[in-house]
Each structure stands twice: as C-alpha cells, then as structure tokens.
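One structure below.
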Amino acid sequence: MMARRRSIWAWGFEDRQPAPAALSMLAARLSSVLGGPPLVPMPAPDEAAIQLSPPTIAPPDDIARFCTSDDRERMLHTRGRSFPDIWRSLHGDFRTAPDLVAHPATEDDLAALMVFAAYAGLDLVPWGGGTSVVGGVEVPLPRPRPVITVDMGAFTVVRDVDPISRRATVGAGLTGPALEAALGAHGLTLRHYPQSFEFSTVGGWVATRAGGHFATVYTHIDDLVAGVRMVTPAGPFETRSLPASGAGPAPERLVLGSEGALGFITEATLRVRPRPTRRADAVVQFEGWEEAVAATRAVAQSGLFPSNCRLLDRREAALNMVGPGVRHLLLLAFESDGAPVAARLENALALATAAGGTCPKGPRLRDEGQDAEKASAGDAWRGAFLEAPYLFSSLIRLGAVVDTFETAVSWADFPALHAAVKAAVHGAFDAAGVKGLLTTRFTHVYTDGPAPYYTFITAPPAGGDPLALWQAVKVAASDALLAHGATITHHHAVGRTHAPWFSKEVPVLHQRALEAVKGTLDPAGILNPGVLGLGGR
Ligand SMILES: Cc1cc2nc3c(=O)[nH]c(=O)nc-3n(C[C@H](O)[C@H](O)[C@H](O)COP(=O)(O)OP(=O)(O)OC[C@H]3O[C@@H](n4cnc5c(N)ncnc54)[C@H](O)[C@@H]3O)c2cc1C
C-alpha cells in the first residue's frame, strides 16, 4: 500500500486537499463576504521545479546513516503552518530548507548527533509534527551555520500503561491519533485534542505547552504531564513522575515550554483516564455580546467545571457553520466515565439563561453507557474544528490573508482588551486599504479570566504585499495584547514570532535565568537558536 503523502505547502495530506469544485464554492463565499473581484485559486507549487541549495555539511557515517538530503524530506521539514509559512511554501520559496533531515531512532543517536553538532558548529532543530504556527521549527536567513532538522517520529514506544495510577509512559514522537489508538487498546484516553491533533506530537505538545480539549481545569498539556524525559547536550534530564510535589521549583516545568531550546524530549508520563461514557451538552444563544460574556463568566466561576465552555461570537459561529451568524453561541458540555452529568449541565444552563441566554433545542443527554465519542461524532462544531486547518490552507490559496492569534486576560480587563484588539486589527486593515473580518471565540475559561482566540481574514491586498499586511496586523494585535495586561500566547507558544513580546511580558531576571539554564544544558548553543529569544545568532 502506498504511504499517504503530506503536502509540502498546505495543511495535511495531499489526497485530502479540497477538490476544484469545493475551492470554487469557497471562493464565491469569500468574495460575497469580503467583496472585491472573483477569487481564483493559485496553482499548487510544482515540486519538480523547486531548486534547493545543496547541503553544506557531510556528517560522518555513524550520523549519516540516519540523515537524509532528499529534497522532498527537506521541503517537508522547512517550516510550520502559519500564514507566512503556507504563503511562502505555496510560492515555492524553500530557501530556508534544512541542510539535512535526521531521523534518529534511539537516544544514543541523539547523543551522537549533539556531539557532532557541537564539534562541527551546526544547529539542530527538534521537530515533532511541524505544526508550529510561531516559527518554532525554521531558522531564518541569513544563517551563519548549517542546520539539521531532527524528526522525532521514531520515538513511538508505549513503554508502560498503568491502569491503577491511570498513567501511561509514551514516546514523544506519537501523533495524536497514534497515541489515542495505543491508549484506546487499554480503554483509556488522554483527551488532549488540539486542533492540530492529526499531526502534532506528544513531544511537540510538551515543548509548546499546548492547549487541548478541556475548556476548564485540564486546559494545558501541563496538567496531564506527571513526568518527562529529555536528552540534552549536557546529559539526560529525567524528572520523577509524581502526582504532586512541593519540592522547590518543579523540574518538569523547565521542560514544559522549552520549545526545543534545551533538549530533545524523548518520553512523557501522562495522566490518562477511561473513555467518557456520559455526556450532556447544550448550545445557548445570545443577542448581545456583553451578556454572552457575563454568562460565560458565571459558568466559569460556578465550580461546575464543564469540559466544554466555548463562546463563539456570531461571526465565528457563521465561519464554523454552527449557526447563521445572527446570535453569539455558548457551547456547553459535561462528560464523565460514570458519574451523572445532567444535573451539572442543568445548573450551568440555569446560570446562562439567567444572564440572558436561550436554549431553544434544550440539553442533549448521552447517558447510561453509550459511547459518548460515537454519540457526538456528528456534532457540527467538532467537525468544523478538525476540518478548519484544511480550509485555512485553501483560503490562502485563494489569496486571502488569514491567521489566528490567542491570549488570556482577566475578566475585568477583557472588555478594554477586546475593544483595543478590534481597533488595532481594523486599523491595520484600513491602513492597507483592505476589507477584513475579525472573529472571536473563547477557547478556554478560568475563574479569573477567559482565553480569547481571534481569527482575521482579509481579501487579497490589491497590489500590496500579503506578508507585509500579515505583519502589520500581527504587530498591531500583539502590541494591543501586551498593552492591556494580556499574554502574547495562551497556547500557541513563543517560537521566534512571539519572542519580542515574550521578552516584554516576563521579568527581565526570568529571561536571564532562562539564558543561564540554556548555558548549562546546551553550552555550545546548538539547539533551536532564536526560540524563546534564546541563543539567536
Ligand atoms: C491548524 C493548527 C491548529 C492548531 N491548534 C492548536 C491547538 O488547538 N492548541 C495548541 O496548543 N496548539 C495548536 N496549534 C499549534 C501547534 O500545533 C502546537 O504548538 C503543537 O503542540 C506543536 O506540536 P508538533 O508536534 O507539531 O511540534 P512542532 O511544530 O514540530 O514543534 C513545535 C516546537 O516544539 C519543539 N519540539 C517538537 N518536538 C520536540 C521534542 N520531541 N523535543 C523537544 N522539542 C520539540 C520544536 O523544536 C518547536 O520549537 C495549531 C497549529 C495549527 C497549524
């Protein structure tokens, strides 16, 4: 059987890209929303015509045996999947392709590679699924040193599943589907579903502090990691797997969010759970945005802790085809592998309706041992959520400038932040003379504040540079986030794109302490230079 091929430029597999008829429909829909002339899809890049610079290194045999200079492999490992990434790949620009791609199979391979890199003076970029949207896996030009991108895809061993403690120790290279298949054989699940689930990996989630399925309580992978193993140029860094500990600054916290700058994560011990069998969900509609936010806050602060509590503004609802775009929607869900959930949903609904919402379809209950996963498979939101990355690539192919950015802020500061973000983004649209759309949702909610997630889409800038427009929106939005007490990222990570704002967000001494840690674990500075603002050249 032929292996499915991943696209060198778009999200996902080549055989899942939308057919021409679907692209035409999308083009018509986009033109009707954004105006302007009819949109015509760009042709996909011609792989055979793309010329890569020859590799500038030739490693010794013991390293060369797991490295490749194959052009397609180098193109596939050039960058992540943000707007600028997809745009540049679509235009056949692979000047930043790594010199080589390494496929190590063991920690000994990694150790040998790190010794060689320190000796030969090159940079190593740890690679999980390559779904970074913050420039986490691409060393920009000009490059003073050769680059080897290190694909962790062979680290897939499930070493231990402990149903008593509900833990699994798994290889960092497992993708979301592979991990869930392995756990499913034991009737267990991690229930960590970032939108990039199909291709992102355990190691990537840990390295970026990814945000997943749960809207409350277990929002980040951090909450699901009991222990972790990382190999660094200075030796192995393995934490004890504990349910909790008060023993000083936690070592696993150095690994969570390390973004490939401190070592290669090879294994993680994860807190797993039985698959849910009971589910109760409801969609609450709101005429006004303020009352929708107040209702969401009431649920977030109620102590009910829903697994889903996603607020979509009406434009976001329309974009995801879960509503006609007339009302704002609050998606509520509770799930469990035994305890009843209906009463919790009713309490949450009472809070949401007291704040002005209506629930015309009433609650849906999936109780009494049905497989909750199967029962909700047709859910429009979930389908749209997983399909969205394919849509994103297609919009770029049609010439739209489209991207997302996300944050977290206190409930008290949210209204001012939201107003500032809208003003900043629309100001950037106006300055470029383009018509654009900005949509909002809350991906996660906390007792003290929401995690707002924004999507912007503009028509192609007539005669303008799409990358410059993207940059202008990104800078305006990021400045607004920092100026209004929000974080530069709730879960997309820092990478290279957010590094300038990250350094303003954290205390100066924190950055200096991180640099000292980098100097200890990676003294020759060979690992992913530039992410987190560390070790850039
Ligand atoms: C369409 C789309 C949807 C997304 N949705 C979400 C979402 O819902 N939630 C979310 O949190 N993020 C999301 N992201 C961002 C991205 O998927 C996450 O950051 C994810 O955790 C990256 O995992 P990866 O395996 O693809 O890592 P990569 O992209 O390969 O790498 C990301 C960073 O981690 C480092 N790294 C990767 N593996 C290792 C390892 N084994 N050891 C050390 N360092 C390593 C890399 O060097 C890099 O700095 C989305 C991205 C896209 C394109």
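Here the structure is a predicted model, which means the values were calculated and not measured. Counting convention: from 1, in listed order, for ligands and their atoms alike.
- Residue-to-ligand polar distances place Ile265 within reach of ligand 1: an N/O pair is separated by less than 3.5 Å.
- Atoms of ligand 1 found under 4.0 Å from any heavy atom of Thr201, numbered from 1 in the order shown, are 24 (P), 25 (O).
- Nearest protein neighbour of atom 28 (P) of ligand 1, counting heavy atoms only, is Gly130 N, 3.6 Å.
- Atoms of ligand 1 lying under 4.0 Å from any heavy atom of Pro389, numbered from 1 in the order shown and given with element: 1 (C).
- Against a heavy-atom cut-off of under 4.0 Å, Met152 is close to the following atoms of ligand 1: 41 (N).
- Closest to atom 36 (N) of ligand 1 among all protein heavy atoms lies Ala207 CB, 3.7 Å.
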**OP:** Check the pair His498, Phe502 against ring-ring contact (aromatic ring centres under 6.0 Å, His included), reporting the backbone distance first and the verdict last.
**Re:** CA-CA 6 Å; His498 288 152; Phe502 173 68; 9.8 Å; no
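- Nearest protein neighbour of atom 31 (O) of ligand 1, counting heavy atoms only, is Val137 CG1, 3.6 Å.
- Below 4.0 Å from some heavy atom of Trp205 lie the following atoms of ligand 1, by number and element: 21 (O).
- Short contacts between ligand 1 and Val133, defined as distances under 4.0 Å to a heavy atom of the residue, involve ligand atoms 51 (C), 52 (C), 53 (C).
- The contact set between ligand 1 and Ala210, taken as ligand atoms under 4.0 Å from a residue heavy atom, comprises 11 (O), 21 (O).
- Applying the 4.0 Å criterion to heavy atoms of Asn528 picks out, from ligand 1, the atoms 47 (O), 49 (O).
- The single protein non-hydrogen atom nearest to atom 32 (C) of ligand 1 is Thr208 CG2, 3.7 Å, given as residue, atom name and distance.
- Considering backbone and side-chain N/O of His491, one or more are found under 3.5 Å from N/O of ligand 1.
- Not a single heavy atom of Gly495 sits closer than 4.0 Å to an atom of ligand 1.
- Of the polar atoms of Gly129, at least one N or O is found under 3.5 Å from an N or O of ligand 1, judged by distance alone.
- The N/O atoms of Gly128, backbone and side chain alike, include one that comes under 3.5 Å of an N/O atom in ligand 1.
- Comparing heavy-atom distances from atom 50 (C) of ligand 1 across Ser196, Ser82, Pro126 singles out Ser196 as nearest.
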Subject >> Derivation and outcome, ring-ring contact (aromatic ring centres under 6.0 Å, His included), residues His492 and Tyr453 >> reply: CA-CA 10 Å; His492 277 172; Tyr453 183 105; 5.8 Å; yes
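- No N or O atom of Arg209 sits closer than 3.5 Å to an N or O atom of ligand 1.
- Taking a cut-off of under 4.0 Å to the non-hydrogen atoms of Gly136, the atoms of ligand 1 that pass are 47 (O), 48 (C), 49 (O).
- Protein heavy atom closest to atom 29 (O) of ligand 1, with residue, atom name and distance, is Ser132 N, 2.8 Å.
- Looking at atom 27 (O) of ligand 1, its nearest protein heavy atom turns out to be Gly204 CA, 3.6 Å.
- Considering only non-hydrogen protein atoms, atom 9 (N) of ligand 1 sits nearest to Gly211 O, 2.9 Å.
- Relative to the six-membered ring of Phe199, Arg81 misses at least one condition, a distance below 6.0 Å or an angle of at most 45° to the axis.
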Original post:
When you look at Thr208 and Glu259, which way does the side chain to side chain donor-acceptor pair (under 3.5 Å) test go after all the steps?
Top reply: CA-CA 6 Å; Thr208 61; Glu259 301 198 14; over 6 Å; no
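- Nearest non-hydrogen protein atom to atom 16 (C) of ligand 1 is Thr131 OG1, 3.3 Å.
- At a 4.0 Å cut-off, not a single heavy atom of Val125 sits close enough to ligand 1 to count as contact.
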